[in-house]
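Accompanying notes for the structure given below.
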Number of protein chains: 2
Amino acid sequence: MELSCKSEYAILALLELAASYQSGEPLQIRQIAAQQDIPDRYLEQLLATLRRGGLVKSQRGAKGGYVLAREPWKIPLLDVFSCLEGLDAAVPELDSSAKTIERSVIQEVWQEACQAANLVLQKYTLQDLCEQRTARRQMDIMYYI
Amino acid sequence: MELSCKSEYAILALLELAASYQSGEPLQIRQIAAQQDIPDRYLEQLLATLRRGGLVKSQRGAKGGYVLAREPWKIPLLDVFSCLEGLDAAVPELDSSAKTIERSVIQEVWQEACQAANLVLQKYTLQDLCEQRTARRQMDIMYYI
DNA sequence: ATTATACCCCGGTTTTTTACTGGGGTTTGT
DNA sequence: ACAAACCCCAGTAAAAAACCGGGGTATAAT
């Protein structure tokens with residue numbers, strides 16, 4: 001199960017926004033894209049999706065950009081995934097049209113596995129990842145010395 | 001997270017093999033494909049992969065076919081997935097080449113989520129699914145009456 | 001031995017999804 | 001007014017998933 005570029009890019013962008021959340025100043029697509037080495041036109045689409053999903057707010061015009069729609073600790077990663085991949089993707093619904101019993105039995109197990117994964121993605125917030133990042137940076141400095 | 005055709009087909013086939021495991025008689029691709037409504041040429045590929053992965057054994061020639069390589073209760077679903085999608089797919093390794101700290105932090109969380117899912121897939125065996133199936137069939141009969 | 005059956009190998013094609021790009025419009029601060 | 005940014009839509013390229021076909025090989029039955 002590979003993490004899609006899409007999700008990785010989105011989370012990277014959100015991490016930037018989380019880091020600058022205190023400042024209140026919006027970040028521009030260009031900036032984020034440059035910082036995280038993401039194709040900016042592509043990132044634009046992702047941010048648009050995140051905006052429609054209520055995860056970020058945008059400010060148009062000069063000095064515009066994006067800010068998180070709510071505090072970093074109130075945004076679990078699961079929200080990001082369900083926004084991008086669709087909620088039905090995060091937790092696939094077992095269609096009652098269930099062609100055969102076998103298939104629905106398999107789907108149920110699969111669903112349980114997905115829910116287990118989602119539980120993990122639910123418990124980590126952007127804030128958590130930000131902290132992990134700074135902690136890691138500290139470690140790298142220590143190691144350097 | 002959608003279940004791939006590939007994995008669904010494979011598990012369906014393995015369920016058939018599990019069901020006829022007692023008999024000792026091999027099942028043919030054609031039979032399984034017809035029973036579960038799977039394109040037989042495609043199923044052939046999958047069974048070949050499962051064979052190379054040591055999950056099934058094949059008997060060539062007339063009266064040939066496939067049998068499970070070991071008892072149904074000794075085959076957790078995770079084995080099927082890792083065989084088909086590759087072990088590195090089931091548990092993505094975080095490459096130490098880690099471009100940036102941010103990306104590796106994200107990968108770690110993703111990996112934890114995958115492991116949670118794998119734990120579920122580890123605990124269910126083909127046997128379990130078979131039993132689920134027969135149980136479900138009983139229920140359907142009750143409901144019919 | 002011959003023959004029919006059924007797996008084996010390998011490669012190609014089609015379809016779908018993912019990742020990415022481009023053009024032209026609209027809002028907004030200076 | 002004008003430049004900086006987002007907005008919308010549509011297309012393309014590349015990769016993965018799903019599927020198909022041909023010719024070969026082992027094996028059981030006759």
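The structure presented is a predicted model; accordingly, all values stated were derived computationally and were not measured. Below, each value reflects all heavy atoms present in this structure, side chains not excepted, and no hydrogens, waters or symmetry copies. Reminder, nothing fancy here: chain letters follow the sequence lines and each chain counts from 1.
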Centroid-centroid distance, B:F81 to A:W110, less than 6.0 Å: yes
d(A:L78 CG, A:C83 SG) to nearest 0.5 Å is 11.0 Å
Residue list, side chain to side chain contact (heavy atoms under 4.5 Å, CB included) with A:K57, at least two apart or on another chain: A:V67, A:A69
When rounded to the nearest 0.5 angstrom, what distance separates CD in A:Q127 from CG in A:L68? 10.5 Å
Between CD of B:E85 and C1' of D:dA18 the distance, given in whole Å, is 13 Å
Among all residues two or more places apart in sequence or in another chain, which pass the side chain to side chain contact (heavy atoms under 4.5 Å, CB included) test with B:R70? B:L55, B:K74, B:I75, B:D79
Considering just the side-chain nitrogens and oxygens of A:R51, establish if one lies under 4.0 Å of OP1 or OP2 belonging to D:dC7. yes
Span of DNA chain C in contact with chain A (heavy atoms, under 4.0 Å): C:dA19 to C:dG29
Rounded distance [0.5 Å steps], CD1 in A:I32 versus CG in A:L27: 5.0 Å
In residues 25-37 of chain A, what residues come within less than 4.0 Å of DNA chain C, judged by heavy atoms? none
How long is the line joining OH of B:Y9 and C1' of D:dC20, in whole Å? 13 Å
What is the distance, to the nearest angstrom, from the CD atom on B:Q59 to the C1' atom on D:dA28? 9 Å
Carboxylate-amine/guanidinium proximity below 4.0 Å for A:E16 and A:R133: yes
Kindly determine whether B:E112 and A:Y124 satisfy side-chain hydrogen bond (donor to acceptor under 3.5 Å, both in side chains), including the steps that lead there. CA-CA 11 Å; B:E112 188 178 329; A:Y124 289 109; 2.7 Å; yes
Listed once per pair and sorted, the salt bridge (Lys or Arg N to Asp or Glu O under 4.0 Å) pairs that draw on residues 42-56 of chain A, sequence neighbours left out: A:R41-A:E44
Going by heavy atoms closer than 4.0 Å, what residues in residues 40-50 of chain B are next to DNA chain C? B:R41, B:E44, B:Q45
I want to confirm an ordering. Mapping A:S7 and B:G65 to their closest nucleotides on DNA chain C, which one lands closer to the 5' end? B:G65
Using only heavy-atom distances, determine whether the side chains of A:S20 and A:S23 contain a donor-acceptor pair under 3.5 Å. no
Closest approach of B:A19 and B:C130, non-hydrogen atoms and distance? N-SG, 4.2 Å
